[in-house]
Amino acid sequence: MRRPTRSLLVAAAAAALVLPLCATTAANAEPPGFSHSDKNTLRNQAPRDLAVGSAVWGARDLVDYDPSAPTPFQRVLGAQFSSLTPENDMKWDAIHPAPDVYDFASADALVAFARANHQQVRGHTLLWHSQNPAWVTEASQTWTCAQARDVLEDHIRTVVGHFKGRIYEWDVANEIFQDTWDAGGVRLRTEANPFLKACADEPVSLIGDAFRWAHEADPEAALFLNDYNAEGINEKTDAYYDIAQQLLADGVPLSGFGAQGHLSLLYGFDTSMQANFERFAALGLQVAVTEADVRIPLLPGQTGPTPEQVALQAERYDAMLEACLNVTACRSFTVWGFPDSKSWVPGVFPGEGWATIFEDDFSPKPAFDAMLQSLREATPGISPRRH
Ligand code: 9MR
């Protein structure tokens, strides 16, 4: 438990009165003056055993990085977060565009940015049904399981090996279970995922080997299962709980379970999130919030979120962070990019948006303020950054 004692809470509340919050309502042309030494940043208020991260798309936002002249976005990214997740740069279509071609350029730029800013990197992702290159989609039509295994093994050994020692957590298997509303309900994606499809007779064996190959390529990295709609206790997380037990019983080097945390104000918050994390922690696993964002739906005629929606968004972000802070096995909490103009949400959910914790001018939203305050209360004072 990382919860503060009552007296620490009182002390933190008193400190909050004298320490100016970096949250302001002013719309600045320049980002607020965040710096690595700023006490009022997420990374510097986080408990020492919790990385606070953001997704970032290296190919779009980091390849031009000049440490002596960072962009406003890069300044905030470096100052606020102790961990980065490549939003797209380590996915198959980006990093393995042709059978014999690996392209590490933008992922390397991301890792270089992280090193320059004393940040860790979460790898994302090695086995997924989406964002596979055309050559995989085409070749997989005729794969035997042995062929699929060879292709996946080469990919995992090459990619994980390339970044050996520079990635602290890898999302090895992403979204491997269907949703309740998919045909067949919650079961392994043996149709949409080309690798699981080729090995539909023995998918768990393939998944286990994916973890084994990754572990052999980088024994220091913590290896995760990761999915959406996986915050609370539900049919999908029951399936993950079962497969995690099975993999562990088989001696598979599984280290953790990640709940992505893509929420919408259209739905209520599942208060069983902490209990869900606790049951995975009881298996000896780490847990993580890997892709947090909270999208806001607008009614017809509305041009922006209401103050009530913004306040509710802050509550939801903070509820996810609290679930993580309350479980010691939760070692990383990652938001899925910022500011709103860089978010994936409007492109996928028409009518919804405003999902991140920073305004487009990088002024912090109430969600940021709430998270900063919770981190401050969890461990009063400044915790050393993780390196
Ligand atoms: O944010 C990512 C977006 O830029 C891509 O276009 C999209 C393609 O599927 O993937 C988004 O990230 C996803 C992540 O990799 C896995 N969980 C869901 C995320 C949002 O779709």
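Atoms within a ligand are numbered from 1 in the order they appear, just like the ligands themselves. For the numbers below, each heavy atom of this structure counts, side chains included, while hydrogens, waters and symmetry mates do not. Computed from a predicted model, the values in this text were never measured in an experiment.
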**Q** Flag the pair F104 / H162 as yes when their ring centroid distance falls below 6.0 Å, and as no otherwise.
**A**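 Aromatic pair counts; centres sit under 6.0 Å.
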
**Q** With sequence neighbours left out, what residues match R316 under side-chain hydrogen bond (donor to acceptor under 3.5 Å, both in side chains)?
**A**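 R316: no side-chain hydrogen bond (donor to acceptor under 3.5 Å, both in side chains) contacts found.
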
**Q** Ring centroids only, cut at 6.0 angstrom: are F81 and F338 within range, meaning strictly under it?
**A**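 Aromatic pair counts; centres sit under 6.0 Å.
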
**Q** Listing by chain and number, which residues have a heavy atom under 4.0 Å from ligand 1?
**A**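 Near ligand 1, by chain and number: E87, N88, K91, H124, W128, S130, Q131, N174, E175, Q260, H262, E291, W336, W344.
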
**Q** Compute the ring centroids of W92 and F195, then answer whether they are less than 6.0 Å apart.
**A**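 Ring centroids of W92 and F195 are less than 6.0 Å from each other.
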
**Q** For Y240, which of F277, F280, F257 qualifies under ring-ring contact (aromatic ring centres under 6.0 Å, His included)?
**A**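 That would be F257; it is the only one of F277, F280, F257 passing the ring-ring contact (aromatic ring centres under 6.0 Å, His included) with Y240.
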
**Q** Indicate, with yes or no, if the rings of F349 and W344 have centres closer together than 6.0 Å.
**A**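 Ring centres of W344 and F349 closer than 6.0 Å.
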
